[in-house]
Asks: 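Next up is a structure, given as structure tokens.
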Amino acid sequence: DAKTTQPNSMESNEEEPVHLPCNHSTISGTDYIHWYRQLPSQGPEYVIHGLTSNVNNRMASLAIAEDRKSSTLILHRATLRDAAVYYCILHMKTSYDKVIFGPGTSLSVIP
Amino acid sequence: EAGVTQFPSHSVIEKGQTVTLRCDPISGHDNLYWYRRVMGKEIKFLLHFVKESKQDESGMPNNRFLAERTGGTYSTLKVQPAELEDSGVYFCASSLQQGFSPLHFGNGTRLTVT
């Protein structure tokens, strides 16, 4: 699986938007961009995924650069419950759907 | 629907003992995965079942680890004999089908080997 680069940590104020960046300059044309997050004392949780177009769901939005070498996970209004480690993961279309985790971004939300 | 459940939530054993972790996937999920996180490290893939067959066990650290999924339902991961470096959190995940079905994770079993 191709490598991603994320900041180690970020902070956000409660009720403000959060933009979590991810660089994946070696992404291939068939790689999907997946985001998972892990809340404290819980297992990882799927957030969103996309290929080329921006995606929205009830949890977040995913903005994908036109050249696909970077993407941004957007939490529109951060809550205390959003404090977690966020993982940006590339998933090769040709591989089985195991997920390979990197170190992720630890998001702190300040009340 | 019930999520992925893991048992026990915590286990403390002595070096050299045996421990068996259990995972009950979401009903109907053919794919089942085991992952673990040791202290200070990233979450690492261990193995992947499709129904009762081992699809990929490339992440299994050594032959002290044995995973089974008889009947293609629940799975067990046995560590025998346990070593200190086996301490960590073991996660199980399941998914509905291959391709891009998201993985659903359990809350993990925290294993401490003393």
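Heavy atoms only: backbone and side chains are in, while hydrogens, waters and symmetry mates are out. Order of the sequence lines sets the chain letters (A, B, ...), proteins ahead of strands, with each chain counted from 1.
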Asks: Within a strict 4.5 Å, meaning less than it, do heavy atoms of the A/Ile100 and B/Lys44 side chains meet?
Replies: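 A/Ile100 vs B/Lys44: side chains apart.
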Asks: Given side chains that start at C-beta, do those of A/Pro44 and B/Tyr35 come closer than 4.5 Å, heavy atoms only?
Replies: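 They are not in contact (no side-chain heavy atoms under 4.5 Å apart), so the answer is no.
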Asks: Does a sphere of radius 6.0 Å around NZ in B/Lys54 hold more than 12 heavy atoms from other residues, nucleotides or ligands, not counting ones at 6.0 Å or beyond?
Replies: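 Yes, NZ of B/Lys54 has more than 12 neighbouring heavy atoms, counting only those of other groups under 6.0 Å.
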Asks: If you define the side chain from C-beta out and look only at heavy atoms, does anything of A/Val99 sit under 4.5 Å from B/Tyr33?
Replies: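 No, their side chains stay 4.5 Å or more apart.
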Asks: For B/Phe45 and A/Phe101, I'd like to know if the aromatic rings sit close, meaning centre-to-centre distance below 6.0 Å.
Replies: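 No, the ring of B/Phe45 stays outside the 6.0 Å limit from the ring of A/Phe101, centre to centre.
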Asks: Answer yes if B/Val113 and B/Val38 sit in the same cluster of Ile, Leu, Val, Met, Phe, Trp and Tyr residues linked by side chain heavy atoms under 4.5 Å apart, and no otherwise.
Replies: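 No, separate clusters.
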Asks: Below 4.5 Å, heavy atoms only, C-beta onward: do A/Gln42 and B/Phe91 meet side chain to side chain?
Replies: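 The answer is no, as the side chains (C-beta and beyond) never meet within the 4.5 Å cut-off.
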Asks: Can you get from B/Leu21 to B/Leu32 by hopping between Ile, Leu, Val, Met, Phe, Trp and Tyr side chains that sit under 4.5 Å apart?
Replies: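 Cluster IDs for B/Leu21 and B/Leu32 match.
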Asks: Indicate the atoms forming the closest heavy-atom contact of A/Pro103 with B/Glu42, along with that distance.
Replies: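 Scanning both residues, the minimum pair turns out to be CD-OE2, 3.3 Å.
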Asks: Below 4.5 Å from any heavy atom of chain A, which atoms of B/Arg110 appear? Answer side chain, backbone, both or neither.
Replies: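 Neither part.
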Asks: If you group Ile, Leu, Val, Met, Phe, Trp and Tyr by side-chain heavy-atom gaps below 4.5 Å, do B/Leu77 and B/Phe49 land in one group?
Replies: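 Yes, B/Leu77 connects to B/Phe49 through the hydrophobic network.
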Asks: If you count every heavy atom of other residues, nucleotides or ligands that lies below 6.0 Å from B/Asn62 atom CG, does the total exceed 12?
Replies: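 Enclosed.
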Asks: Could you tell me whether B/Arg64 atom CZ has more than 12 heavy atoms of other residues or ligands within 6.0 Å of it?
Replies: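 Yes.
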Asks: Measure distances from B/Thr109 to the heavy atoms of chain A and classify the residue's part below 4.5 Å as side chain, backbone, both or neither.
Replies: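 Neither part.
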Asks: Locate the shortest heavy-atom distance separating A/Tyr46 from B/Leu103; write the atom from each residue and the value.
Replies: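 Closest heavy-atom pair between A/Tyr46 and B/Leu103: CB-O, 4.2 Å.
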Asks: With clusters defined by side-chain heavy atoms of hydrophobic residues (ILVMFWY) lying less than 4.5 Å apart, directly or transitively, does A/Val18 cluster with A/Leu80?
Replies: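 Same hydrophobic cluster.
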Asks: At their closest point, which heavy atom of B/Asn107 faces which heavy atom of A/Gly43, and how far apart are they?
Replies: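 Closest pair (atom of B/Asn107, atom of A/Gly43, distance): OD1-N, 3.3 Å.
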